[in-house]
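Everything below concerns the one structure shown next.
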Amino acid sequence: MDIWLDAGLIDADTARRIREYEAERSRPLGLWSLIGLGALAIGLGIVSLVAANWEEIPGMVRLAVHLLLIAGISGGMYLLQPHKGFLGLYLKDVLLFILAVLGATFFGHLGQVYQTSSPLWQPMAIWLLLFSPLLLLVGRGWLISLLWIVALLGTGIAHWGWYAQQGGNLPSTYVAVITSLPVFALLLGMSLRNLSGREAFWNQVGQFALASFVTGVSVKLIADGVTIGGLFGSTGQAGEIAGLQLGLWSAAALLGYRLNRTATGISIAAILIAAALTSFVSSIAQSTEALGNAILFIIFWAAIGWSAIYSAWRNVFQVVVAIIALRLIFLSFELASDLLSSGLGLILAGIITIAIAIVAYRFSRAFAPARAAAVERDSSGDGR
């Protein structure tokens with residue numbers, strides 16, 4: 001504040017009003033931290049007491065207490081409903097998270113009491129069906145959006161693992177759909193962010209979905225370069241799956257752009273197209289050649305870097321530069337045949353990494369607009 005005053009950006013009266021505004025809305029973080037530590041201590045004590053006497057407590061009593069906890073948390077959320085601000089919004093999200101976790105553990109508790117067994121994906125799918133409406137209609141913060149994305153992908157992976165254990169090759173369409181779950185979640189977030197009063201929440205859903213999608217594609221590109229067949233077995237099936245993914249992800253890119261015709265929408269569409277093309281080429285090539293697979297990986301991340309520059313995602317661009325630099329360093333080890341070539345490769349990789357960092361820094365300063373300009377461009381719908 002004083003720096004702004006000295007620079008002449010604001011006057012003394014404006015500074016006073018800002019201080020008064022911030023003082024009225026200040027949060028006693030120290031007090032909340034103590035309350036949180038006390039609540040954590042109480043919770044750990046209760047868990048310890050229950051764990052020590054778990055076998056002595058009748059199953060029906062434990063289930064009843066579990067249901068009472070769920071009912072109590074639900075009642076607490078209902079009582080907080082009229083409240084706004086820190087108490088009404090953030091605490092409700094914490095309670096919603098606890099409620100969802102209690103709901104997930106209830107299925108396992110029920111199976112333990114009645115000695116039942118079922119594939120993991122079944123209780124996860126039931127939980128997802130029951131709690132998704134609540135999480136997506138009430139949630140506001142990153143905690144809930146992350147929980148839902150993890151639950152969605154976890155259910156898909158659990159079903160994939162169970163299905164694979166049944167024997168035989170997995171249907172190509174099935175694999176393409178399961179691996180496209182993050183894309184479907186991304187489109188959901190993009191389509192609902194302007195239709196809901198919780199734009200920040202749906203943006204977070206989309207961000208987590210996009211991050212998980214990029215991670216999955218990166219793992220596939222690396223796996224395809226490690227063993228012939230990559231993640232999906234035979235060459236023919238891998239190519240068929242990649243072809244289906246190419247169609248799905250390209251269609252998603254087009255739909256995403258229509259939903260968000262801004263710099264951000266163009267960047268997301270570019271990432272989806274780059275993922276579809278590099279994944280398709282990797283699956284068709286079925287090569288374990290280190291250099292070729294590293295080039296595909298770097299092309300994919302270079303497309304992400306371009307998208308980050310275009311949409312002024314400065315932090316994302318820095319992560320992209322770091323990942324490409326690390327891939328080059330690993331490539332130097334992959335190409336090294338002895339200690340001498342390894343040392344020379346490391347020296348060369350280090351020089352290239354430093355050069356990339358310098359060029360990336362200058363490039364971002366020259367071409368990445370300031371955050372305010374990027375926000376203004378997105379809000380105006382400029383899709384340059």
Side-chain angles (χ1 to χ4, degrees), residues 47 50-51 54 59 62-74 77 93-189 192 201-202 204-217 219-220 231-232 241 245 248:
V47 170
V50 172
W54 185 258
R62 286 179 306 186
L63 289 176
V65 171
H66 204 145
L67 287 174
L68 286 175
L69 286 174
I70 292 176
I73 296 295
S74 302
M77 288 180 56
D93 254 23
V94 172
L95 292 178
L96 180 58
F97 178 83
I98 296 173
L99 176 65
V101 172
L102 285 173
T105 56
F106 181 78
F107 292 106
H109 194 179
L110 193 66
Q112 184 187 50
V113 170
Y114 288 102
Q115 300 295 318
T116 60
S117 62
S118 61
L120 179 61
W121 69 268
Q122 291 183 359
M124 292 181 68
I126 294 174
W127 179 91
L128 195 63
L129 289 173
L130 291 177
F131 280 86
S132 285
L134 181 63
L135 295 175
L136 298 180
L137 291 174
V138 179
R140 287 184 172 272
W142 66 268
L143 192 64
I144 302 303
S145 56
L146 178 60
L147 174 65
W148 186 75
I149 289 294
V150 170
L152 176 67
L153 301 184
T155 302
I157 293 172
H159 189 271
W160 186 352
W162 171 82
Y163 199 173
Q165 291 176 355
Q166 307 306 307
N169 287 332
L170 297 175
S172 299
T173 303
Y174 169 82
V175 176
V177 170
I178 289 293
T179 53
S180 299
L181 284 178
V183 177
F184 301 149
L186 172 63
L187 292 177
L188 179 67
L192 293 180
F201 173 78
W202 289 110
Q204 290 166 349
V205 170
Q207 289 166 4
F208 286 127
L210 184 60
S212 60
F213 172 73
V214 168
T215 301
V217 173
V219 170
K220 179 187 182 297
L231 291 178
F232 303 134
I241 293 170
Q245 290 172 335
L248 283 173

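One-based numbering along the sequence shown. For the numbers below, each heavy atom of this structure counts, side chains included, while hydrogens, waters and symmetry mates do not.
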Legend entry - Nearest heavy atoms of G156 and L181, plus distance in Å: CA-CD1, 3.9 Å

Inset, instruction - Say whether Q245 and T179, considering side chains only, have a donor N or O and an acceptor N or O under 3.5 Å apart. - result: yes

Show which side-chain atoms of residues 120-134 pair as donor or acceptor with protein atoms under 3.5 Å away, not counting sequence neighbours.
unit_1, atom_1, unit_2, atom_2, d
W127, NE1, A100, O, 2.9
S132, OG, L128, O, 2.6
S132, OG, W148, NE1, 2.8

Legend entry - Minimum-distance pair of heavy atoms, taken over all atoms of T105 and L102: OG1-O, 3.0 Å

Inset, instruction - May I ask you to test the L186-F213 pair for a side-chain heavy-atom distance under 4.5 Å? - result: no

Inset, instruction - Measure the CD1-CD distance between I144 and Q204 for me, rounded to the nearest 0.5 Å. - result: 10.5 Å

Legend entry - Worked check of side chain to side chain contact (heavy atoms under 4.5 Å, CB included) between L99 and L95: CA-CA 6 Å; L99 176 65; L95 292 178; over 6 Å; no

Legend entry - Distance in Å, I241 CD1 paired with L170 CG, rounded so as to fall on 0.5 Å steps: 7.5 Å

Legend entry - Side-chain heavy-atom pair L210, P182 within 4.5 angstrom cut-off: no

Legend entry - Non-hydrogen atoms of A185 and L152 that approach each other most closely: CB-CD2, 3.9 Å

Inset, instruction - Report the C-alpha distance between H66 and I70 in whole Å, list the side-chain angles of each, state the deciding distance to 0.1 Å, and finish with yes or no for side chain to side chain contact (heavy atoms under 4.5 Å, CB included). - result: CA-CA 6 Å; H66 204 145; I70 292 176; 4.1 Å; yes

Inset, instruction - Heavy atoms only: give me the nearest I149-V205 pair and the separation to one decimal. - result: CD1-O, 4.0 Å

Inset, instruction - Walk me through it: do W142 and F201 pass the test side chain to side chain contact (heavy atoms under 4.5 Å, CB included)? - result: CA-CA 7 Å; W142 66 268; F201 173 78; over 6 Å; no

Legend entry - Non-hydrogen side-chain atoms of V177 and F184 separated by less than 4.5 Å: yes

Inset, instruction - Determine yes or no for a side-chain-to-main-chain donor-acceptor pair under 3.5 angstrom, with Y174 supplying the side chain and W160 the backbone. - result: yes

Legend entry - Close side-chain approach of L67 and F106, heavy atoms under 4.5 Å: yes

Legend entry - Closest non-hydrogen atom pair, G189 against W202: O-CB, 3.7 Å

Legend entry - Full working for side chain to side chain contact (heavy atoms under 4.5 Å, CB included) between V150 and F208: CA-CA 9 Å; V150 170; F208 286 127; over 6 Å; no

